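Quick notes on the structure that follows.
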Amino acid sequence: MASNEFQPLQGMSDIQAPEIHVWRMMEERARALFNSYGFEELRTPVLEKLSVFQRSLGDTTDVVKKEMYSFKPSKHELAMRPEGTAGTIRHLAGRGEEGLNARVFYIAPMFRYERPQAGRKRQFHQVGVEATGEPNPLADAECIALQKGLLDSWGLTGSKIQLSTRGEPSDRQPVVDGLRAALQPFENALCEDCQRRIDENVLRVIDCKNESCKKIVDQIPSAIEFMSDASRAYLDQVVGALDKMGIEVTVNPKLIRGLDYYVHTVWEISHSALGAQDALAGGGRYEIALGKKAVPGVGFAVGFERAIMALEACGVTADQFAPKGGVWLVSLGEAALAENMKLAAQLRAKGIRCGMELAAKSMKAQMRKANRVGADSVIIRGDDEIEKGVAMVKDMAEGSQKESTIEEILRDA
RNA sequence: GUGAUUGUAGCUCAGUUGGUUAGAGCGCCUGGUUGUGGUCCAGGAAGUCGCGGGUUCGAAUCCCGUCUUUCACCCCA
């Protein structure tokens, strides 16, 4: 058990072998998939001006209001990014015309000061994409398809996609007014939080987990019904396009996504293996105004920590991706040790995974090590072999071994 | 931020109402005739009992504080 001084901060963790192998698998497959869709990688700084997040996520949202790591080292108040979209759009907005029609992805750590639990870290990691461009239901559908493809590429099964719409910006007020009016008669029956939410953030009443609130919400019209015909048609087109691609989604008007920048399509992907924190990915269409420029786009993010939990439930575990195979060199005597150092370098130069014991250990110990690292073959050299310029090559699976010259070994490697 | 919860060898965990040198399994190390792994057998190393304080003749065990884990709320990926 590590004592305190060796522990990372609360809610942060060191990611090491063997877990790291599933992380790398996910990253590699994500990069390959994004490449096939024509997305370029973008790495933005962890630190941004606080205003980047305030203006895009909304300065009344919990993420901005109470969960940010922010500080003021000089003139500007800074914050560590709590999500990837704001910084990405900050960057794209600066690229002018081409930034308004860009396809980028990121794989990066994010920071939120929350009470940690499994699948909710203070430093957590997301893979996400942003595709900027005017609202287009096909772009939204393609984004969801890409996200689904990403989960598939990892072997993540059993997730559910829930879809809804925020409508156009001009729908906001009618929705808020409509919901307030509809909830008015039930106000006293709502939970304490919801009575407050009616005025502060009426959308939050819709996804309240309180049973009696749920019953009331079931009786009133959904938010979508207060939106314009155009907004509803947009949603229908997204659903239609997804259906053509064979992607199953559930339209859930009660799905609420908190960040202010969302317009039109919003969605969330959940997995039953995750408990109450069951959302492992989300996404939506947005319009983010930075300065005079409003950047429209659509994007998604997937949380690594949560996706990994879901993957474990699917039987996808880190040790399946641990590096194995290669060659292990066994040295008997000082001369062999020196010669094997040279041979190892030659094999490694050919890209072969190659290991050896650098201390004088018994053959038994060296063989055990070879077995443990999963070597396919072992090359054994002692004084006799060095003198003759040969080595014993043992196949670990079969247990057979034969003598080869070093030239042969290097040639066949 | 609210209310709970966890912490004993590298890992998973035992440890009875406070009582000698804190245990197990797995892993690790060393042997089991000369230079041969995975199975088996024998032996061995390894623990500030999260940390700090207190109560007591005596604390892994009781009390307080603190850090950390997990769970729910909240929020979100």
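Since we're looking at a predicted model, the values are computed, not measured. Note on naming: letters A, B, ... go to the chains in the order of the sequence lines (proteins, then strands), and numbering restarts at 1 for each one.
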Side chain of [X], heavy atoms from C-beta onward: which of [options] has the nearest atom to it?
X	options	answer
A:Pro116	B:rA77, B:rU69, B:rG35	B:rU69
A:Arg115	B:rC29, B:rC71, B:rG37	B:rC71
A:Tyr262	B:rG1, B:rA77, B:rG35	B:rA77
A:Ala276	B:rG31, B:rC29, B:rA72	B:rA72
A:Leu280	B:rU36, B:rA77, B:rG31	B:rA77

Using nucleotides 32-34 of chain B, report all nitrogen or oxygen pairs with the protein that are shorter than 3.5 Å.
unit_1	atom_1	unit_2	atom_2	d
B:rG32	N7	A:Lys364	NZ	2.9
B:rG32	O6	A:Lys364	NZ	3.2

Ring centroids of A:Phe124 and B:rA77 base under 5.5 Å with planes under 30°: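 Stack criterion met.
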With sugar-phosphate meaning primed atoms plus P, OP1 and OP2, does [X] contact a base, only sugar-phosphate, or nothing at under 4.0 Å between heavy atoms?
X	answer
A:Leu259	sugar-phosphate
A:Gln401	base
A:Arg197	sugar-phosphate
A:Gln10	sugar-phosphate
A:Asp384	base
A:Gly11	sugar-phosphate
A:Ala370	nothing
A:Gly283	nothing
A:Arg257	sugar-phosphate
A:Lys361	sugar-phosphate
A:Arg372	sugar-phosphate
A:Gly119	base
A:Ala375	nothing
A:Lys369	nothing

Roughly how many Å apart are [M] and [N], using the [atom1] atom of each and rounding to a whole number?
N	M	atom1	answer
B:rC11	B:rU17	C1'	32 Å
B:rC41	B:rG25	P	12 Å
B:rG3	B:rG65	P	13 Å

From A:Ile352 atom CD1 to A:Gln346 atom CD, the distance as rounded to the nearest 0.5 Å: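 It is 11.0 Å, given to the nearest 0.5 Å.
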Rounded distance (Å) that lies between atom C1' of B:rC76 and atom CG of A:Asp62: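 One finds 9 Å between C1' of B:rC76 and CG of A:Asp62, rounded.
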Watson-Crick and G-U pairing of RNA chain B, under 3.5 Å, as dot-bracket with | and [ ]: ((((..(..((((.....[...)))).(((((.......))))).....(((((..]....))))))..))))....
Note: A:Glu28-A:Arg24 ion pair, threshold 4.0 Å (strictly below): yes
Side-chain ion pair, A:Glu142 and A:Arg103, N-O less than 4.0 Å: yes
Name the pairs: protein N/O against N/O of nucleotides 44-46 of chain B, kept only if under 3.5 Å.
none

Measure distances between side-chain N and O atoms of [X] and base N and O atoms of [N], and say whether any donor-acceptor pair falls under 3.5 Å.
X	N	result
A:Gln366	B:rG35	no
A:Arg204	B:rC74	no
A:Arg120	B:rC74	yes

Toward the 5' end of RNA chain B, by each residue's nearest nucleotide, A:Met309 or A:Glu83: A:Met309
Residue whose nearest RNA chain B nucleotide is more 5′ - A:Gly275 or A:Met12: A:Met12
Trace of the ring pair (Phe, Tyr, Trp, His ring centres under 6.0 Å) decision for A:Phe105 with A:Phe34: CA-CA 7 Å; A:Phe105 74 89; A:Phe34 294 150; 4.7 Å; yes
Any A:Arg29 side-chain heavy atom under 4.5 Å of A:Trp154 side chain: yes
